[in-house]
2 protein chains.
Amino acid sequence: MKLKGGNVELGNRLKEWRAKKDITQEELAIRINMSRQSINAIERGRFVPSILTALKMANFFETKIENLFYIK
Amino acid sequence: MKLKGGNVELGNRLKEWRAKKDITQEELAIRINMSRQSINAIERGRFVPSILTALKMANFFETKIENLFYIK
DNA sequence: ACAAATTGTAAAATATAGTTTACACTAATA
DNA sequence: TATTAGTGTAAACTATATTTTACAATTTGT
């Protein structure tokens, strides 16, 4: 009994939030302690971050996860 | 220039939310289309789910991610 | 136009999320 | 007490997040 829900895709507003805070990908990476390449990949939707990464970002931007990531 | 933030741990309230909705781990697994063992592991804090998993759970429980997961 | 800063990308390696199968353990309940 | 539903766990496996190094492309400032 396995209902397959359609392939769920993830969207994000990282670039907008970075702009709002005037911060570079590298700075963000340093702040939340991860690589710049990972930030870049997440921002470009290349992969789905862990919820820990998402929470750290939300913390940094002083907002809710839902304002950063959403299901398309 | 790499500031190491202490090792961040993840907490969750899945069990409470399951109780509130009176649903089993297996049912939840089926609803959000993942294995019962993964639900169990996440609930017991054995690993950190992806944000997609977290969003699917929040959707199912009709609540915000922050009500399900938090940084300890 | 030039230089510097920022962003995009790629390959190889490592870490960890998530699946599958299978079985033990712990309720709940007839 | 015996049966059943629900949960805990383990090993082997697959998928993918994340790092590191390195370099190309693009944007920004002078």
Side-chain angles (χ1 to χ4, degrees), chain A residues 1-61 64-72, chain B residues 1-61 64-72:
Chain A
M1 196 246 241
K2 181 143 234 186
L3 331 165
K4 276 248 157 223
N7 287 7
V8 192
E9 279 228 17
L10 187 71
N12 78 84
R13 298 187 230 281
L14 279 180
K15 195 171 184 180
E16 294 89 313
W17 280 92
R18 278 199 306 107
K20 194 173 308 193
K21 289 250 177 181
D22 190 27
I23 195 180
T24 76
Q25 291 181 345
E26 184 169 27
E27 279 174 33
L28 175 55
I30 291 169
R31 295 307 180 156
I32 68 176
N33 194 40
M34 69 186 305
S35 77
R36 180 184 64 83
Q37 287 76 355
S38 291
I39 301 289
N40 185 278
I42 293 166
E43 190 167 310
R44 301 187 60 83
R46 300 238 182 279
F47 58 68
V48 174
S50 83
I51 199 193
L52 211 43
T53 297
L55 278 169
K56 289 195 282 179
M57 288 177 166
N59 262 358
F60 175 81
F61 288 120
K64 305 280 177 131
I65 291 187
E66 280 84 359
N67 293 326
L68 287 177
F69 297 97
Y70 55 93
I71 293 180
K72 292 202 261 200
Chain B
M1 194 245 242
K2 179 144 235 181
L3 332 165
K4 273 248 158 227
N7 288 8
V8 192
E9 278 228 17
L10 187 69
N12 77 85
R13 297 186 232 281
L14 279 181
K15 195 172 182 179
E16 295 88 315
W17 280 92
R18 277 200 306 107
K20 194 174 307 191
K21 289 252 176 179
D22 189 28
I23 196 180
T24 77
Q25 291 181 345
E26 185 170 26
E27 279 175 33
L28 176 56
I30 291 169
R31 294 309 178 157
I32 68 175
N33 193 38
M34 68 186 306
S35 77
R36 180 184 66 81
Q37 286 78 353
S38 291
I39 300 289
N40 185 278
I42 292 166
E43 189 166 310
R44 303 188 57 85
R46 299 237 183 280
F47 60 68
V48 174
S50 84
I51 200 193
L52 210 44
T53 297
L55 280 169
K56 288 195 280 181
M57 288 177 168
N59 262 359
F60 176 80
F61 288 120
K64 304 281 177 129
I65 291 189
E66 279 84 359
N67 294 326
L68 286 177
F69 298 96
Y70 55 93
I71 291 180
K72 293 203 259 199

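Numbered from 1 within each chain, the chains take letters A, B, ... in sequence-line order.
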task = Kindly check if the number of other-residue, nucleotide or ligand heavy atoms within 6.0 Å of NZ (B/K21) is above 12?
result = yes
request  = Figure out the NZ/C1' separation between B/K15 and C/dA27, and round it to whole Å.
outcome  = 11 Å
ask   = Does the side chain of A/M57 reach to within under 4.5 Å of the side chain of A/W17, using non-hydrogen atoms?
value = no
ask   = So what does B/R36 touch, heavy atoms closer than 4.0 Å: a base, only the sugar-phosphate, or nothing?
value = base
ask   = Around atom CD of B/E26, are there more than 12 heavy atoms of other residues, nucleotides or ligands at under 6.0 Å?
value = no
query = salt bridge (Lys or Arg N to Asp or Glu O under 4.0 Å) with A/E43: which of A/K15, A/R13, A/R18?
reply = A/R18
query = Nearest-Å distance, CD1 (A/I30) to P (C/dT6)?
reply = 10 Å
query = Using a heavy-atom distance cut-off of less than 4.0 Å, which residues of residues 45-54 of chain A contact DNA chain C?
reply = A/R46
key: Atom pair distance, as rounded to whole Å: CD1 in B/I39 and C1' in C/dG18   = 10 Å
request  = Mind calculating the distance between CE (B/M34) and P (D/dT14) to the nearest angstrom?
outcome  = 19 Å
Earlier contact from the 5' end, DNA chain D, for A/S38 and B/E27 = B/E27
ask   = How many Å lie between CD on B/E43 and P on D/dG6, as a whole number?
value = 14 Å
task = Check whether any side-chain heavy atom of A/F69 lies under 4.5 Å from a side-chain heavy atom of B/I65, and answer yes or no.
result = no
task = Could you check how far CG of B/N40 sits from P of D/dA5, rounded to whole Å?
result = 18 Å
ask   = So what does B/Q37 hit on the nucleic acid, given a heavy-atom distance under 4.0 Å: a base, only sugar-phosphate, or nothing?
value = base
Distance-minimising heavy-atom pair for B/L68 and B/A54 = CD1-O, 4.4 Å
message = Closest approach to the side chain of A/Q25, judged atom by atom: which nucleotide of C/dT7, D/dT18, C/dT19 is it?
response = C/dT7
query = Under 4.0 Å between a side-chain N or O of B/R44 and OP1 or OP2 of D/dT9?
reply = yes
task = Check the pair B/M34, B/I42 against side chain to side chain contact (heavy atoms under 4.5 Å, CB included), reporting the backbone distance first and the verdict last.
result = CA-CA 11 Å; B/M34 68 186 306; B/I42 292 166; 4.2 Å; yes
ask   = Rounded to the nearest Å, what distance is computed from the CZ atom of residue A/R18 to the C1' atom of nucleotide C/dG8?
value = 12 Å
